[in-house]
Q: 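Could you have a look at this structure, given as structure tokens, before my questions?
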Amino acid sequence: MNALVSLLAVLSIVVIAFLGAGAGLEVLFGVVLPYAAILTFLVGFVLRIVKWAKSPVPFRIPTVAGQAKSLEWIKHQPLESPYTRRQVVLRMALEVLFFRSLFRNTKAELKGGPRLVYGADKALWLFGMIFHWSFLIIFIRHLRFFTEPVPALVTGVEWVDSFFDVGLPALFATSVLLLVSLSWLIGRRFLDPQVRYISQAADYFPLFLIFGIASTGVLLRHFAKTDVAGVKELGMGLLGFSPPNLGELGLSGLFYAHLLLVTALIAYFPLSKLMHLGGVFMSPTRNLANNNRAVRHVNPNPQPVQVHEFEHWKEEFKEEIAEAGYKLERD
Amino acid sequence: MHDQGKVIAGIVIFLIVVLFPIWYTGAFGDFTPPNLDPVTDAKECVKDKATMTAWHMDLLNEWRNDVVRNNDRGPVLIAGKEWEKSLTRTCLGCHGSYRKFCHKCHTYADVKPDCWQCHVVPEER
């Protein structure tokens, strides 16, 4: 049901874009909505980060997987239990770039009755890495529509990505890798009963949405082409706050479907789990040094701390407790 | 707010990165597109303009494969007219200037076709 709702949401975005572009609403889908989405993204992203930064951090709570810094004859594991800022940054970098903690993912399986077997499970790490890195490369590649002159980095990434030179225009390796890894991530939510049980619409929707973006993108490049120079005119026009006349550009309905899916992703980003892009840096189990004993950490909560003692609580809910017929232990 | 300095620095870095296309283009380039109108003497192409803009590479690829790999130089019949399968004689016959025709959109959209690995870039007329 969760999956179905998400799939229908993504499909309706595609249908709306096709109908809208056909009905002369190009300005709405090509200009107004993209601007609104970008504004939502920038403001929403910053507000989210500020909100997270406002929560008090009274104590160092890094999740560690190794020996903390202790006496000098006990070997410290700086990457598992960072003590200095440098070590924290190093551990964070490995986490962000290579998903180090996910590499340790394990699975528990019941094999032949009562035997519970634990084993390594690197598949999620592998497909997660493929997905995220492909997405980043595709994002960088798309800068050719949003920069003038196109930076050498973008051209270089395109050259490497189209190295196999299959087809014309050349097929990008990341186009295939993104679709394959997404299929695996979607399949995992359907086929693994435990994961399916905890999967919400908010888990399926971004996957289907990105799948929609990737497939319409592949279609636009290889199967239902449109005028790329015109696409860039729109991209540059939006950035320069002087959008071109979309009626004259005559971009295809499929292009508007691709654009509206991306617009939806951008607007949805700060409201959803996708905020882990910023959140990973704000995570107190990752960005704090394990120096609870070595450094004095003053409680940042307002003093005196407001407490709600048992006696107060009992007094406050006396009637409700009596009404429900509970007997409290301390009575 | 805890670690105010670091959080604000992080937000500033984030904004600099996501707004890269704006400040980069503002500093080094131009938002208004160059004049992309193809300069040509011809009134009509082998197919209509919209099709040619989006699909010319497929047509050229097909012709290239026919000529180079299958030794089939045509002629090809499109919309009641016969055309020779040749970039140099058919396409460049009307679109004589590389600078004013091919180059314009290809540079703008960062497309690097293989044509000129074999063909000599036509001299400007």
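Worth knowing before you read on, the calculation uses all heavy atoms, side chains too, and leaves out hydrogens, waters and symmetry mates. Each chain gets a letter, A, B and so on, in the order the sequences are listed, and its residues count up from 1.
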Q: Considering all heavy atoms of both residues, which atom of A:F146 and which atom of A:M236 are nearest to each other, and what is their separation?
A: C-SD, 3.5 Å
Q: Within residues 239-269 of chain A, which residues come under 4.5 Å of chain B, heavy atom to heavy atom?
A: A:L239, A:G240
Q: Side chains of A:R60 and A:H297: closer than 4.5 Å at any heavy-atom pair?
A: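 The answer is yes, as the side chains (C-beta and beyond) meet within the 4.5 Å cut-off.
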Q: Does anything in residues 150-171 of chain A get under 4.5 Å of chain B by heavy atoms, and if so which residues?
A: A:V150, A:P151, A:T155, A:E158, A:D165, A:L168, A:P169
Q: Closest heavy-atom contact between A:G44 and A:P270?
A: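 In terms of heavy atoms, the two residues are closest at C-CB, 3.6 Å.
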Q: Pick one of side chain, backbone, both or neither for B:L19, based on which atoms fall under 4.5 Å of a heavy atom in chain A.
A: side chain
Q: Any donor and acceptor pair, going by atom type alone, linking the side chain of B:K85 with main-chain N or O of B:V76 inside 3.5 Å?
A: no
Q: What is the distance from atom CG of B:D58 to atom OG1 of B:T51, rounded to the nearest 0.5 Å?
A: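 Going from the CG atom of B:D58 to the OG1 atom of B:T51 covers 11.5 Å.
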Q: Classify the ring geometry between B:W23 and B:F20 as parallel (under 30°), tilted (30 to 60°) or perpendicular (over 60°).
A: perpendicular
Q: Is chain A contacted by the side chain of B:D110, its backbone, both, or neither, given a heavy-atom distance below 4.5 Å?
A: both
Q: Does any heavy atom of chain A fall under 4.5 Å from the side chain of B:D114, the backbone, both, or neither of them?
A: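 Contact with chain A is through the side chain of B:D114 alone.
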Q: Contact part of A:F45 toward chain B, heavy-atom cut-off under 4.5 Å: side chain, backbone, both or neither?
A: side chain
Q: Are A:R286 and A:F281 in a cation-pi contact, defined as NZ or CZ under 6.0 Å from the six-membered ring centre and within 45° of the axis?
A: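 No.
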Q: Between B:Y108 and chain A, with a heavy-atom cut-off of 4.5 Å, which part of the residue counts as in contact: side chain, backbone, both or neither?
A: both
